[in-house]
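See structure below.
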There are 2 protein chains.
Amino acid sequence: MEKEKTDKKDHILDVAEKVFSELGYDGASTRLISGEANVNMAMLNYYFGSKEGLFIAVFERKINLFRTLLQNINEDESLSSWNKLELYIDKYVDRVVANSCFQKLVNREVSLSRHAEINEKITDILMTNVLEFKKVMQEGVDNGSFFEGADIGLCIATIFGTKNYIINTPQVASRMLGKDVLDENFLESELKPRMKIYMKKLLKSYLATEK
Amino acid sequence: MEKEKTDKKDHILDVAEKVFSELGYDGASTRLISGEANVNMAMLNYYFGSKEGLFIAVFERKINLFRTLLQNINEDESLSSWNKLELYIDKYVDRVVANSCFQKLVNREVSLSRHAEINEKITDILMTNVLEFKKVMQEGVDNGSFFEGADIGLCIATIFGTKNYIINTPQVASRMLGKDVLDENFLESELKPRMKIYMKKLLKSYLATEK
DNA sequence: CAAATTTAATCAAACGATTGATTAAACTAC
DNA sequence: GTAGTTTAATCAATCGTTTGATTAAATTTG
């Protein structure tokens, strides 16, 4: 029964992640989540203690999937700073687009000042990625690959912000780009490679600027 | 009495804007808003029909303040495309930072798929700014000021996204920049000029790229 | 001008619906 | 049988909204 229990918990987490992503924390009622998951409402509290506990459980499951993703790139000493940054961008675009609903959820809830505990958890998740990017860019500045006056902090805001903008406001982005950014075909075959090319070129031209 | 009525409506809108910005649409109850505004709860419905109507009223008041801000720049024919873009960035950073709470609210709610009518309204607001930026950049590409292959759509995502990232996730941005981005002093005397310099340099180096 | 009437503004109270949470009983498996 | 699950029923609290009554100002009427 232990195995089934884990399965059921995981199933609830799957559904909760989806519903939370679509409707936000407040908009996703426990009744709806339990209904979608075909479990009794009381099961949510039985397994996760509370709605907030369920929300955090959704997050903690994701962290473990994310954490190791970028870290091993930075340890490869055969790569130049620029190569590393390129690899980071590739991985980042791929991963993030594949989890866009969840990313949206993260960005939405972290911008609210309620639910202090939730907020802290999310900030921690986001920081792990931020710091990985920062490390490789700072290294590039230090070894002279990138120009000395480069504003690393704002560069990172650009990398994450550009992506977030498309993910978080797809209606606006769709109107702007003339195509539906939620269309899986367009996203995969056109937007993803286009984003990679653009972000590399953008960063390269900036970071290569003469002093 | 007509004057007082307008004053009171405006006062409600002021309070509603603040409470919505802090707590989000769902988090801001009509009871709290009316309490903060020191008016009877029923007045909200009397004046604005519904909570949704109140929310939209808050927005529409903002549109009228924003709309004309950028438009006259583009009509000045003595300015080069690059000059215009620089002016846009200056105005944009100034304006947006001054309304960061409201901007946060906008970005949070537009990323939700509930409240269809609200969503449409917000999208329309955001598009007016987006299109102004797009116009001046497209003009620059057409007259040869910017390089032909420039990805205008993603450039705009960068401009708005970089700003949004700092505004929407201040906890993360603060940790990244090593200073509190919500500190009014740092924001005004350091971050704002820094953002302007950075974004101009970033865009200039990208848009000036050789074919 | 003054009385009569209409309109707009405001209020306390209550509405039905929904929220997250809890309970005690029923069921399941070893 | 007993420990672990699952269920339906129910809880108090809060939500956005509506109501009917009251007040004051504006308008109409004689």
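Convention: sequence-line order gives letters A, B, ...; per-chain numbering from 1. Owing to the predicted nature of the structure, the values given are computational and were not obtained by experimental measurement.
- By the salt bridge (Lys or Arg N to Asp or Glu O under 4.0 Å) test, B:R61 is found to be paired with B:D10, B:D14, B:E17, residues two or more places apart in sequence or in another chain being considered.
- When the P atom of D:dT5 is taken as reference, atom CZ of A:F48 falls 13 Å away, rounded to whole Å.
- Taking side-chain N and O atoms only, B:Y46 has no distance below 4.0 Å to OP1 or OP2 of D:dT17.
- Under the side-chain hydrogen bond (donor to acceptor under 3.5 Å, both in side chains) criterion, B:T158 pairs with A:T162, A:Y198, not counting sequence neighbours.
- The distance from atom CD1 of B:I33 to atom P of D:dC15 is 11 Å, rounded to the nearest whole Å.
- Put simply, the side chain of B:K201 never gets that close to the backbone of A:Y206: no donor and acceptor are under 3.5 Å apart.
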- Do nucleotides 20-27 of chain C as a string where each nucleotide becomes B, S or -: B if the base has a protein heavy atom under 4.0 Å, S if just the sugar-phosphate does, - if no protein is that close. BBBB----
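- Going from atom CE of B:M43 over to atom P of C:dA8 covers 13 Å, rounded to whole Å.
- For the side-chain hydrogen bond (donor to acceptor under 3.5 Å, both in side chains) test, residues two or more places apart in sequence or in another chain that qualify with A:Q171 are B:N119.
- As rounded to whole Å, 13 Å separates atom P of D:dT6 from atom CG of A:N38.
- With rounding to whole Å, B:I118 atom CD1 is found 12 Å from D:dG16 atom P.
- For D:dT5, neither phosphate oxygen OP1 nor OP2 lies less than 4.0 angstrom from any side-chain nitrogen or oxygen of A:K8.
- Listed by first then second residue, pairs satisfying salt bridge (Lys or Arg N to Asp or Glu O under 4.0 Å) with a partner in residues 150-178 of chain B read A:D124-B:R175, A:R194-B:D151, not counting sequence neighbours.
- Rounded to an integer number of Å, the gap from A:L54 CG to C:dT19 C1' is 15 Å.
- The C1' atoms of five pairs define one axis at each end of the helix from C:dC1-D:dG30 to C:dC30-D:dG1, and these two axes lie 30° apart (to 10°).
- For A:Y165 and B:Y165, the distance between ring centers is not under 6.0 angstrom.
- For B:F102, the ring pair (Phe, Tyr, Trp, His ring centres under 6.0 Å) partners are B:F59, not counting sequence neighbours.
- The side-chain hydrogen bond (donor to acceptor under 3.5 Å, both in side chains) search around B:E52 returns none, not counting sequence neighbours.
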Using residues 27-38 of chain B as the side-chain source, report each donor-acceptor pair under 3.5 Å to any protein atom, sequence neighbours left out, with the distance given to one decimal.
unit_1 : atom_1 : unit_2 : atom_2 : d
B:S29  : OG     : B:L32  : N      : 3.1
B:S34  : OG     : B:T30  : O      : 2.9
B:S34  : OG     : B:R31  : O      : 3.0

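- Per the geometry, CZ belonging to B:F55 stands 17 Å off P belonging to D:dC15, to the nearest Å.
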